[in-house]
Amino acid sequence: MPVRGLDGYLQERGLIKEAPLSALSQTRIGIDANSYLKRLLLAKDPVTSDTFVAAVGGVPLALGVEIERDLKSLEKAGVKPVFVFNGLSPRDFDKPFILDEHKSLRRSQAWDNYEQGRVQHAQQLFADSAPVIPQDVMRIVHRLFKQRSVEFVVAPYLAWAQLVYLERHERAYVHSIYGASELFMFDGVERVILDINFATSTISFATKQSILQDLALSHDQLLDTAILAGFEHTQPFPALPFDMNNFSFPNVATFVKQRGSGVAAIMAYRDHPPIFGWSDHFARARCMIKFSLVLVAQEGRVLPLPLVLPPPASPASTVVVTAADVPADLADIFSPHLPDEVYYQVFRGLVGPQVITPLASGVLYEAAPLCGSTPEYEIYIKNLTELAQSPRCVALALVSSVLHPSWAVKEVYASYYFNPPQMCPIRHGLAPTNAFIESVTKWNVDARFVENELRRQASSTIDLSLCLGGTSDPIHAQRTIIPKNSEKLLEKKDEIVANALWRFLELRSFLTASHQHTPYAAALYQAMKLSKVNDKFQEALYLAIELLRGGALHNGRIGTRLYSGGPNFNGAEEDKRSMLLVMRVLSIVPLSFHPGPWAGPVSRELLVFNSFLRATSRSMRTLLEATALNILLRSDARRAREDYLDIALSLPFQTDTNTGMGILFKAFGDTVCHMAGGVDVVMRAGTGTVGADAEEKEAVRSAKEQTLELLTDAFPNVKNVAAELQRGLRFWHLIMLAVRFLRQYQGNGQAIQPDLVAQFEAADAWLKPFSVTEAKA
């Protein structure tokens, strides 16, 4: 959110100037990645924008194409971009769930409209709910930038401050900066590019001096005005003496000028109940801007911005800031200072900010899922977070255990959208958790073993399947038990990736302390061995097993009501439950899409299930990144490296999956049943049940063919409807193989409940008549 009212004021006063993009030719432009991605993720037009992202999950299907297009425009103009991403979040000054509640309300209204047939209105409401934020697509964008050799960094905290540092540095790492109007709040900023119109190859910019002159403000008064007006990290001052419905930035500026400063303006209203605590709030926001932390080139240290900027051109007229001027409580605004090495590893993309922020801030905020919420999801998310061996708790322990001992005892709490006042402790420093993470330190497998496994398994990729294959029998598993050798650390990227995956698998109880398979690993590996390489099922198979053992993958109702988008044919409840289970399983698999807005139907029922999938995938990614960081900070591998990003991009679970495959199968199943004369007809004709005649069999065959033709038009995003359905059914058969393997497990306890096996067997029998193998792909 830009400074409230500032963009409109600049437009009204004619302070925004335009120039051709070519004016920046042969220069480097620093781009606030958060601001840039927000503009791309904002659905502008229901016809051309992907307004249904909030309804199908995942990320906008055309995002990569749009970024590629913009990069080509910059390249054509001779402009070299340097993107700067936000890093760790400063401590929240306001209630973190205020905007979350607004988004959830919008989505609920959108579903009401969609279910009543008001699709266009629903699309607008879905779009207004901001379903995807820049950090959700960070790894996708990092991968794209890596492929195109586009330079980028991740700031320690605020990208704005890092951009100011890059522009003001004596070496001028960038020559101009593009971002939101908050950049005018920083000292030393002279000009900000507020927009780039890539279609017309023009830039729109404004200067700070023109704002100061037009409003007759000093630099400090402009900062105070922006804080009181409200920006991304603060709400507007609640006692502004004018109607908020007619809010204007110049009115706030006048309010500040009348009293000389923001502090004086606040103190004038100190007896008004709505502003209790606002003076402290204001001071914290001011320090966050004035003394924002940046990573310093060459030194690799994280320091307050004023201490690292070059001296002003006219020292007599400018106050020179020294270390003595830096507030002693800066840690209360940002976080206690982490080792500079950790900031650098975030800076270079090894770990995402979401891995470090909960430990640094002391709070893990859990936002509401796209579907709203269900009681089952609330329990599931707490189990992912608070249990001693849960992925989020273990991820925190992996980081805190290799820092200063004070971090291991630092209190961290979870704050959930469904009960914000309650702060639930995440006990990452307890002895059982630390003993658990210490048990995986015998994974120090060198490159020779990894290379031998690549040859033995005829693989070219270090992935989950390779790591499971390397421990698939006791002999190979024993060879991987290698204590750390301080004189021969892990050196190559492939060694770090492989050992991070192995440690991850043990931390998730897929491998035992003796590095052998648990029933879940054995079932998963059996399925992976039989999957086609081009189907790319590894991550989906792993997540399905996690959801199975977590109690989230079944045929029962989730929530306290029926949701739209479930099975929609006339039939018995057992048939509908079987179809629902197949839909859920298939929705774990990413569809192959053409880039462009989602143009098919949507399913709230599948979106409810997708919330479990997304939370699981993101939690696994966090655990993996924490594991890689732990390997380096323990000095199990060489720490000074240039391949941090390569390591990160070699680890799985980089993006969210949408509900597309499940929706596609639902449409296929419903339509076939309708066109063939009912689900009973399909069952008789497809399974050879007594009573089926040639006419019914022909009706089902014809219904399938016609359905595939109809779905090709109904799902224009899908590259090949028949081929994708076939791929989805192949995934189902692999899941059935894993379920049957778990059923046969003879060890202590049951690996899977008999009633859950019965659900899968019933769904498998129900599914057989829906084969599409005879259809032309």
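Only this structure's heavy atoms are used, side chains among them; waters, hydrogens and symmetry mates stay out.
Nearest heavy atoms, L553 versus A544: CD2-O, 4.0 Å. Contact between V320 and D325 at its shortest, heavy atoms only, is O-OD2, 3.8 Å. Residue A360 comes nearest to L88 through the heavy atom pair CB-CD2, 3.7 Å, listed as atom of the first residue, atom of the second, then distance. When all heavy atoms are compared, the tightest approach of P353 to V154 is CG-CG1, 4.2 Å.
T385 places none of its side-chain heavy atoms less than 4.5 Å from the side chain of C393. Here the side chains of F152 and V82 are not in contact, with every heavy-atom distance at 4.5 Å or above. F418 places a side-chain heavy atom less than 4.5 Å from the side chain of I381. A 4.5 Å side-chain heavy-atom check between M185 and I227 finds at least one atom pair inside the cut-off. Using a 4.5 Å cut-off on side-chain heavy atoms (C-beta onward), S292 and Y165 make no contact.
Residue R634 qualifies as enclosed at atom CZ: its count of foreign heavy atoms under 6.0 Å is above 12. Within a 6.0 Å sphere centred on NZ of K382, heavy atoms belonging to other residues, nucleotides or ligands number more than 12. Within a 6.0 Å radius of NZ in K484, other residues, nucleotides and ligands contribute more than 12 heavy atoms. More than 12 heavy-atom neighbours from other residues, nucleotides or ligands sit within 6.0 angstrom of CZ on R638.
A donor-acceptor pair shorter than 3.5 Å cannot be found between the side chains of S472 and H517. Of the N and O atoms on the side chains of Y525 and T471, not one donor lies less than 3.5 Å from an acceptor on the other residue. Counting only N and O atoms by type, the side chains of Y413 and E411 include a donor and acceptor under 3.5 Å apart. There is no side-chain donor-acceptor pair under 3.5 Å between R91 and S361. Judged by distance alone, the side chains of N630 and T627 never bring a donor and an acceptor atom under 3.5 Å apart. Judged purely by distance below 3.5 Å, without hydrogens or angles, the side chains of R392 and N383 never pair a donor atom with an acceptor atom. No side-chain donor from either of E376 and Y380 sits under 3.5 Å from a side-chain acceptor of the other. A donor-acceptor contact closer than 3.5 angstrom links the side chains of T480 and H515. Remark: the S509 side chain and the Y520 side chain contain no N/O donor-acceptor pair separated by less than 3.5 Å. In this model, no donor atom of one side chain and acceptor atom of the other lie less than 3.5 Å apart for T433 and Q389.
Proximity of the aromatic rings of Y644 and F347 is defined here by a centroid distance below 6.0 angstrom, and this criterion is not met.
Checking R618, K38, R621 one by one against D136, the salt bridge (Lys or Arg N to Asp or Glu O under 4.0 Å) holds for a single residue, R618.
A salt bridge does not link E453 with R448: every distance from a Lys NZ or Arg NE/NH1/NH2 to an Asp or Glu carboxylate oxygen is 4.0 Å or more.
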N/O donor-acceptor pairs under 3.5 Å from side chains in residues 303-311, not counting sequence neighbours:
none

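The side-chain contact (heavy atoms from CB on, under 4.5 Å) search around E170 returns none, not counting sequence neighbours.
The CD atom of Q298 lies 11.0 Å from the CG atom of L295; values are rounded to the nearest 0.5 Å.
In this structure, F85 and H142 have perpendicular ring planes: the angle between them is above 60°, well past the 30° mark.
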